[in-house]
Undergrad: 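There's a structure below that I have some questions on.
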There are 2 protein chains.
Amino acid sequence: MAQKRASISDIAKELNLAVSTVSRALSGHSRISEATRKRVWKLAEQLNYQPNHLAAALRKGRSNTLGVIVPHIDGHFFSQVMKGAEAVANRAGFNVLLCQSNEDYGQEQKNVDTMINAQVDGIMVSVARTTHDYKHFDKIKKRDIPLVFFDRILDSPEVNAVELDDFQGGYQSTKHLLEQGCRRIAHFGGPQHLNIYINRFGGYRQALQEYGIPIEEELVLFSEMWEADGRAGMEQLLALPRPPEAVFSASDFSIVGAMRVLKERKLRIPEDIALSGFSNESFTSLTEPNLTSVDQCCEEMGLAAMRLLLEMVQEHEQAPRKIVIQPRLIKRESSLWHQQP
Amino acid sequence: MAQKRASISDIAKELNLAVSTVSRALSGHSRISEATRKRVWKLAEQLNYQPNHLAAALRKGRSNTLGVIVPHIDGHFFSQVMKGAEAVANRAGFNVLLCQSNEDYGQEQKNVDTMINAQVDGIMVSVARTTHDYKHFDKIKKRDIPLVFFDRILDSPEVNAVELDDFQGGYQSTKHLLEQGCRRIAHFGGPQHLNIYINRFGGYRQALQEYGIPIEEELVLFSEMWEADGRAGMEQLLALPRPPEAVFSASDFSIVGAMRVLKERKLRIPEDIALSGFSNESFTSLTEPNLTSVDQCCEEMGLAAMRLLLEMVQEHEQAPRKIVIQPRLIKRESSLWHQQP
DNA sequence: CTGAAAGCGCTAACAG
DNA sequence: CTGTTAGCGCTTTCAG
């Protein structure tokens, strides 16, 4: 029982008008008499007319769709970002096309093609961990499709980006541990080809330096930062002749692993070893003790990135901009010496 | 420096062929000589030709895009579902358009219009909590756009749906508690106009009945199931003259709230009160003790729903189908009397 | 203020 | 095997 969609030409015929007139009436053009405008709208309503965006898009060369490429959608950060981004896009009358790279470079290249084929008017992207070169983004640039990087960015002055001040996050977190009296502070770091992990590590070093404490290599451990990595890392630290008094981790997952190990060994948190993570994952307030972490203001990031993208889509040609979002240190039990229950 | 997209007609001109020939060569039509096919592909490659899907869609009346409407994308369940759904869709050459209703009925209605305007070839939807009537879905039916409900479904025999066997989930969970020796078992239930919560509650009752245990009204508490609701619920239960020996909650969030209260009161889990939740949220394996929960096989659900949708899109007119996914009870410390560390 | 006509890029008859 | 042609539904000159 397919019901044929009413089209502009249907309305035109019915009303003895030219399609162009109907089109203008519908799109709120100025040079249209109030009378015809009303007649058109009324019939459109009656026929439950829905504009065929595809046709309009083809004609105008713009699809009214914006693409978002993320490494994955499961997990706290990216889903929150999406929430913000989608809200902004929809309010501005744009649809959102979603692609996940699954942290895979090859898939990310395909995603870019998908976006181009879908004729999106702009693209928001956070690169996969395995992405080492950026040729596929050149295609986008060549076609003059507005492009905004967020969080995991391609660092280059010509690029539009929204990023978190990861350096500040690392700095504040480490400084907080120092203020709690810790001096030997370890760091769990992530892949060092990604800006975010480089910067978190940088903040850590800066804080230590300000306190005149040298970096000890044996206290800095890099990994993929899963829970298992955190477990292994903690075991390694505890095996040292002089274990650290605290750990600043660039991920909440690995700090949970560390926490597990400490509990198994009946070590107290934070009295024996204080812990602080990164991302303010939802579980950080559910563990025992609660985990101190750095909030990335995910939704704000999504809002900002999408707003920037929309501006680029709507007003042509702008000088590249970078927006930096400030993180917030959330102090919880795992790092607070004097506020244990 | 916008680079003009190469089109089929560009290729045709360059090669002195008709557009139709080029189109056929490109789409792997059979009646095309190997020679021309090669020439066409080669030039297409050179010009970095990308098909204009919009034009094809307009012509064919199919957009190659599938829509997904979910209540929200942040959180475990829906993001996992999306992961599965997107994987299937992309593999079949379809794009995915995402809309969130934010658990709001009005927004859900708008989402439906968005999908229709975007000319999606099919729609997958899980309804918002506040959705009480289903008129907006009639629009979709009227247009003969394939529609699949998942998880939170509109229960009607004419509808295509993928759902979890929530009844089984509730039944197994409760039976497990019974097998652990608990007899007075409380239930935290969700809004009773949603099929999922009705069924989880139903499974609970069935299990009790099989053990010849009557339902006690004071042990059954309905709420929105947030953590705070769980706290309040637990307080209420503990204030009873004879508190229960276990709680089966239809949500992991409220069971965490309950856990908090028990710990504050220095009650032991599971010795004093055993706990079991629902959804197998990622934090359930991070709490102490770990939380027993029911895994919803989210990704599988996304896969199944999208596969069903694709079948409907590709082969026309089928009898409505319902697919039921079996949940898995994940037994953890919070309910296991003899396996405490 | 309204109409006629062209065309966005592609596909699918229908001819050869 | 290839070419010619029409048209998907809409917007946008260009003419009145």
Side-chain angles (χ1 to χ4, degrees), chain A residues 2-41 43-44 47-65 93 116-121 143-144, chain B residues 2-41 43-44 47-65 93 116-121 143-144:
Chain A
Q3 172 175 314
K4 200 186 157 301
R5 289 171 73 107
S7 69
I8 285 195
S9 95
D10 293 335
I11 299 181
K13 246 171 247 164
E14 189 88 17
L15 259 39
N16 261 317
L17 286 170
V19 281
S20 48
T21 309
V22 176
S23 169
R24 281 187 282 243
L26 252 17
S27 56
H29 213 276
S30 53
R31 304 184 183 297
I32 288 286
S33 77
E34 197 51 33
T36 40
R37 190 198 310 286
K38 273 189 184 149
R39 291 207 303 150
V40 169
W41 275 92
L43 186 59
L47 299 180
N48 187 22
Y49 167 76
Q50 298 282 28
N52 184 332
H53 279 195
L54 253 38
L58 177 59
R59 176 63 232 245
K60 294 200 281 197
R62 304 189 308 103
S63 66
N64 251 269
T65 298
I116 291 176
N117 287 349
Q119 314 264 91
V120 296
D121 298 334
R143 292 206 149 71
D144 255 9
Chain B
Q3 171 174 315
K4 198 185 160 301
R5 288 172 73 108
S7 70
I8 285 195
S9 94
D10 292 336
I11 299 182
K13 246 171 247 163
E14 190 86 17
L15 259 37
N16 263 315
L17 287 170
V19 279
S20 49
T21 309
V22 176
S23 170
R24 283 188 281 243
L26 252 17
S27 55
H29 212 277
S30 53
R31 305 184 183 297
I32 288 285
S33 78
E34 197 49 35
T36 40
R37 191 199 309 287
K38 272 191 183 149
R39 288 207 306 151
V40 168
W41 275 93
L43 187 57
L47 299 180
N48 189 19
Y49 166 76
Q50 298 282 29
N52 185 332
H53 278 195
L54 288 173
L58 177 59
R59 178 61 232 247
K60 294 199 281 196
R62 303 189 307 104
S63 65
N64 250 271
T65 298
I116 291 177
N117 287 348
Q119 315 264 93
V120 295
D121 298 333
R143 293 208 149 70
D144 254 9

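Order of the sequence lines fixes the chain letters, A, B, ..., with proteins taken first and strands second; residue numbering starts at 1 for each chain.
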Undergrad: Using the side chain to side chain contact (heavy atoms under 4.5 Å, CB included) criterion, which residues pair with A:Leu54? Sequence neighbours excluded.
TA: A:Asn52, B:Leu54, B:Ala57, B:Ser63, B:Gln119
Undergrad: If I take atom CG in residue B:Leu26 and atom P in nucleotide C:dC10, what distance separates them, rounded to the nearest angstrom?
TA: 9 Å
Undergrad: In chain order, what residues pass the side chain to side chain donor-acceptor pair (under 3.5 Å) check against B:Gln50, with sequence neighbours excluded?
TA: A:Asp113
Undergrad: If the condition is side chain to side chain donor-acceptor pair (under 3.5 Å), which residues does A:Ser27 pass it with, not counting sequence neighbours?
TA: none
Undergrad: For B:Lys13, what residues pass the side chain to side chain contact (heavy atoms under 4.5 Å, CB included) criterion, not counting sequence neighbours?
TA: B:Ser9
Undergrad: With a cut-off of less than 4.0 Å, is there a side-chain N or O of B:Ser23 near OP1 or OP2 of C:dT11?
TA: yes
Undergrad: Residues two or more places apart in sequence or in another chain: which of them pass side chain to side chain contact (heavy atoms under 4.5 Å, CB included) with B:Ala12?
TA: B:Val19, B:Val22
Undergrad: Without decimals, in angstroms, what is the distance between B:Ile8 CD1 and C:dA12 P?
TA: 11 Å
Undergrad: Using heavy atoms and a sub-4.0 Å distance, could you list which residues of residues 53-61 of chain A are near DNA chain D? By number, please.
TA: A:Ala55, A:Ala56, A:Arg59, A:Lys60
Undergrad: Once you round it to whole Å, what is the distance between P of D:dG9 and CZ of B:Arg62?
TA: 15 Å
Undergrad: Going by salt bridge (charged side-chain N to carboxylate O under 4.0 Å, His left out), name the residues that satisfy it together with A:Arg37, two or more places apart in sequence or in a different chain.
TA: A:Glu34
Undergrad: Given B:Glu14 and B:Leu47, is the side-chain contact (heavy atoms from CB on, under 4.5 Å) satisfied, shown in steps?
TA: CA-CA 11 Å; B:Glu14 190 86 17; B:Leu47 299 180; 5.7 Å; no
Undergrad: For D:dT2, take OP1 and OP2 only and decide whether either is under 4.0 Å from a side-chain N or O of B:Thr36.
TA: yes
Undergrad: Whole Å only: how far is the CD atom of B:Gln119 from the C1' atom of D:dC10?
TA: 11 Å
Undergrad: Which residues satisfy the side chain to side chain donor-acceptor pair (under 3.5 Å) test with A:Asn64, sequence neighbours excluded?
TA: none
Undergrad: Is the distance from OP1 or OP2 of D:dC10 to the nearest side-chain N or O of A:Tyr49 less than 4.0 Å?
TA: yes
Undergrad: Over its full length, what angle do the end axes of the helix from C:dC1-D:dG16 to C:dG16-D:dC1 make, each axis taken from five pairs and the result rounded to 10 degrees?
TA: 40°
Undergrad: Looking at residues at least two apart in the chain, or sitting in another chain, which of them share a side chain to side chain donor-acceptor pair (under 3.5 Å) with B:Ser23?
TA: none
Undergrad: With a 4.0 Å cutoff (strictly under), does any side-chain N or O of A:Ser20 reach OP1 or OP2 of C:dG3?
TA: no
Undergrad: Take the protein atom CG of A:Asp10 and the nucleotide atom C1' of D:dC10, then report the distance between them rounded to whole Å.
TA: 13 Å
Undergrad: Using modelled atom types and a 3.5 Å cut-off, is there a donor and acceptor pairing between side-chain atoms of B:Trp41 and backbone atoms of B:Ala25?
TA: yes
Undergrad: Could you state the CG-C1' distance from A:Leu17 to D:dG9, rounded to the nearest angstrom?
TA: 17 Å
Undergrad: Dump every N/O contact between nucleotides 14-16 of chain D and the protein below 3.5 Å, one line per pair.
TA:
none

Undergrad: Using side-chain heavy atoms (C-beta onward) and a distance below 4.5 Å, is A:Arg143 in contact with B:Asn48?
TA: yes
Undergrad: Among A:Thr21, A:Val40, A:Leu26, exactly one meets side chain to side chain contact (heavy atoms under 4.5 Å, CB included) together with A:Ile32. Which residue is that?
TA: A:Thr21
Undergrad: In whole Å, I'd like the distance from the CD atom of A:Gln50 to the P atom of D:dC8.
TA: 20 Å
Undergrad: Answer with base, sugar-phosphate or nothing: what part of the nucleic acid does B:Ser33 contact at a heavy-atom distance below 4.0 Å?
TA: sugar-phosphate
Undergrad: Could you tell me the separation between the CG atom of A:Asn16 and the C1' atom of C:dA4, rounded to a whole number of Å?
TA: 15 Å
